[in-house]
Q: 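Structure incoming, see below.
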Amino acid sequence: MKIQNTTVTRSFKENLKNIILHESFIRALGLEIMGVFLVVCMGLLWGIYKNHTVNSNVKTNLNKAISSYDKFLLSLEETENILLADVSTVWQHTILTNLYKVYFETGLTADIYMLDGNKNVYVGNVTPISEEENNIISRQWNIVELTEAHPDKLNIYISKGKEKAVFLGRAVKDRGGRTAYAILRINANRFNSLFSSDRVRVALTQKDYWAIMPEIYRLTDNIGKLNEDFRDRQGLRLIENGFYYVYNERLDYEGFSIYTISDYTVAAKVIISILISSVLVFIIIFTFGSVGIDRAARKSTKDISLLNDAFLSVSSGDLDTNLEIHSSIEFENIGKCFNEMLCNLKRHMKMNKELAEEVAYEQVKQLASQFKSHFLFNTLDNIRHICRISPEITEHMVLALSEILRYNASNQNEKVSIKEDLKYIKRYLEIMSIRYGEDVFTYDIDIAKEASECQVLKLLIQPLVENAVKYGFADNESLHISIKTEKKGNDIYLSCEDNGQGMKKETLDNIIENLSNTENKTPHLGLYNVHRRVYLTYGQGYGLILENISGLKASIKIPFEMESENE
């Protein structure tokens, strides 16, 4: 399996520049962003922890305060005659003393109002109440109705309107079974000290979201309810262009919750400003730094560029390249070694070229000698069969063979014209025609005029004719062979085609695959030798082409050469 690196290739200068930028600017920016991120996360986690802590503390203190005031209200039942009109001064003093004890214990100041069965105030710790104020308390304080409806439990209520207060109410009975309504009122401003916390806003809400909180928080709507964006929310929230952390916990008393809200709006704006400023500063530094780094990288990689240009020149075929570098000892040695390497390379290339030409020439001679022996043995075998039938015809065949052998032996040149080579190929076809009979074996030769004087290796077509005879008669009673030459561009195609059944596909594929080998691995010696002679003489792109048409068509592709070009 081939594994490739698909990374885009850049110059050494660009790589050096990118490394410097990455190691200095990019990494510095990354560290800065990471640092800001860590600071933000740590600050946020600390803020969340503090928010939860404040919520827990306020919840604990409120539960304690409400429980203490509830015990105080229950203690009123110990009174012998709670509805006595002129309650003794001692009793009032006792009530107020116990009330102040709860205040000092919880930190919340509450006003007490005692209402009779007609909901008229008959005792209180405030100044004497006028008839008008008495009507307001009995008619507009919902806590009175709530306490009347649920006399057996502590009732808690947050008033509506601008003057906020928390009311605690309980129906109490004296020893004589008489019932009175004890109401405690805790004004909203008395919660300020309990709800006061650095950067954490605290609100007490009931189920319909009426809220008690310091006025400076401004987390309520126009009528005094908790803002809808905070209701029943938990976690980080983006609300009205502000960034908040909201957390709520229920009190031990049904319908009431403690909301703690941390405002991170200013902190978020500061962090964003820092990030924007950092990025702007980074861009400015990066812009000016990039120019300087580019200049430094160009200067530092000047010798590398010279080396690169030298290697590119060599790869394009210029072996006369000379590399002169004197900027440093290391690069000067590299330049000297490069020049020595080129000298040795040119010397070895010259030697290898001469050796390759000599080896190729010897291989061609050896292949040609195989053609001669192969042709001779086949022809003598044909004469052996004919001599028994007709001595006269045998004489003609011997004369034809004599001409072919004389042609092969007398001409020492490796190449002849196509017209001359086909003249002696025709003698071989005559011998085949005599052997099989003119009605069984026929042939035709078509030489293009412009190709007749083209130079070709001797007896190059003859093995193709032998192959056609061998396989063409396999399933046919007669055989016709067509030899044709044509010129296409700067190339000549010599083809031999028969009208037989052709080769089996598997056999043909094996022969074609074998042609690319440096050694023949099939029994088809003639076809392999033809391709190898052409390949060694003319190089890659030339050789034998095999294909099944009606029969087998074998074509030889060679470059167009005239005799003057070959000399």
Side-chain angles (χ1 to χ4, degrees), residues 62-103 105-106 108-161 163-188 190-191 204-208 210 212 250-256:
L62 267 181
N63 282 329
K64 179 180 178 182
I66 294 173
S67 176
S68 296
Y69 277 117
D70 188 29
K71 291 178 181 178
F72 165 74
L73 294 176
L74 288 174
S75 68
L76 297 177
E77 294 188 345
E78 301 298 324
T79 307
E80 293 184 0
N81 190 355
I82 201 169
L83 291 177
L84 186 65
D86 53 346
V87 178
S88 67
T89 304
V90 175
W91 182 79
Q92 291 186 36
H93 178 73
T94 302
I95 291 177
L96 295 180
T97 300
N98 292 334
L99 180 66
Y100 292 146
K101 285 182 180 179
V102 177
Y103 161 68
E105 180 184 346
T106 62
L108 283 176
T109 304
D111 297 322
I112 186 169
Y113 300 87
M114 299 295 297
L115 285 72
D116 58 20
N118 296 322
K119 302 176 184 176
N120 294 318
V121 179
Y122 65 91
V123 174
N125 68 319
V126 294
T127 56
I129 299 174
S130 65
E131 184 176 352
E132 181 180 355
E133 290 175 327
N134 188 55
N135 290 333
I136 292 175
I137 293 174
S138 61
R139 295 177 183 177
Q140 297 184 10
W141 285 9
N142 293 341
I143 186 64
V144 178
E145 296 180 357
L146 191 63
T147 303
E148 184 181 19
H150 304 282
D152 297 328
K153 71 173 186 176
L154 176 67
N155 297 280
I156 308 174
Y157 178 75
I158 296 177
S159 64
K160 301 177 177 62
E163 296 182 3
K164 290 291 185 64
V166 175
F167 292 92
L168 305 179
R170 179 178 280 276
V172 293
K173 296 181 180 181
D174 61 11
R175 296 175 181 176
R178 301 177 184 84
T179 301
Y181 301 104
I183 306 298
L184 294 176
R185 175 180 178 176
I186 308 173
N187 292 330
R190 297 176 182 174
F191 287 89
L204 170 64
T205 66
Q206 61 186 23
K207 59 184 178 182
D208 54 3
W210 289 99
I212 292 290
R250 296 189 180 278
L251 284 178
D252 294 343
Y253 300 91
E254 183 179 357
F256 287 83

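Quantities reported herein were computed from a predicted structural model and do not represent experimental measurements.
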Q: Please report the closest heavy-atom contact between A110 and L99, naming both atoms and the distance.
A: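 A110 and L99 have their closest heavy atoms at O-CD2, 3.4 Å.
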
Q: Quick one: list whatever passes ring-ring contact (aromatic ring centres under 6.0 Å, His included) with F167, sequence neighbours left out.
A: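 F167 satisfies ring-ring contact (aromatic ring centres under 6.0 Å, His included) with W141 once adjacent residues are dropped.
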
Q: Is there a donor-acceptor contact under 3.5 Å from the side chain of S75 to the main chain of F72?
A: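 Flag set: sc S75 to bb F72 pair under 3.5 Å.
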
Q: Partners of Y69 by ring-ring contact (aromatic ring centres under 6.0 Å, His included), sequence neighbours excluded?
A: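 Expected list: none.
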
Q: Rounded to the nearest 0.5 Å, what separation is found between the CG atom of L108 and the CG atom of N187?
A: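 Output value for this atom pair is 11.0 Å.
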
Q: Measure the spacing between CG of L168 and OH of Y253 and express it to the nearest 0.5 Å.
A: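 One gets 9.0 Å once the value is rounded to the nearest 0.5 Å.
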
Q: Say you draw a straight line from CD1 of I66 to CD1 of I186; how long is it, rounded to the nearest 0.5 Å?
A: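 With rounding to 0.5 Å, CD1 (I66) is 7.5 Å from CD1 (I186).
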
Q: What pair of heavy atoms forms the shortest contact from A65 to T106, and how long is it?
A: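 The pair with the smallest heavy-atom distance is CA-CG2, 3.4 Å.
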
Q: Show, in sequence, the C-alpha distance, side-chain angles and deciding distance for L62 and F256, and conclude whether the side-chain contact (heavy atoms from CB on, under 4.5 Å) test is met.
A: CA-CA 11 Å; L62 267 181; F256 287 83; over 6 Å; no

Q: What distance separates I212 CD1 from S159 OG, expressed to the nearest 0.5 Å?
A: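 Nearest 0.5 Å value for the CD1-OG distance: 6.0 Å.
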
Q: May I ask you to test the Y157-T147 pair for a side-chain heavy-atom distance under 4.5 Å?
A: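 The answer is no, as the side chains (C-beta and beyond) never meet within the 4.5 Å cut-off.
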
Q: Pair R190, D111 - check side-chain contact (heavy atoms from CB on, under 4.5 Å), show working.
A: CA-CA 11 Å; R190 297 176 182 174; D111 297 322; 3.1 Å; yes

Q: Got L251 and L204 here, is their nearest side-chain heavy-atom distance under 4.5 Å?
A: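 L251 reaches L204 side chain to side chain.
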
Q: Going through the distances and angles, do D70 and R170 end up as a side-chain contact (heavy atoms from CB on, under 4.5 Å)?
A: CA-CA 8 Å; D70 188 29; R170 179 178 280 276; 2.8 Å; yes

Q: When you compare the side chain of Y181 with that of I143, does any pair of heavy atoms fall below 4.5 Å?
A: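 Sidechains of Y181 and I143: no contact.
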
Q: Looking at CG of N63 and CG of D252, how far apart are the two atoms once the value is rounded to the nearest 0.5 Å?
A: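 CG of D252 is found 3.5 Å from CG of N63.
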
Q: If you measure from CD1 on I112 to CG on L96, what distance do you get to the nearest 0.5 Å?
A: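 If I round to the nearest 0.5 Å, the distance is 7.5 Å.
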
Q: So V144 and E148, do their side chains get closer than 4.5 Å, heavy atoms only?
A: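 No. Closest side-chain heavy atoms not under 4.5 Å.
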
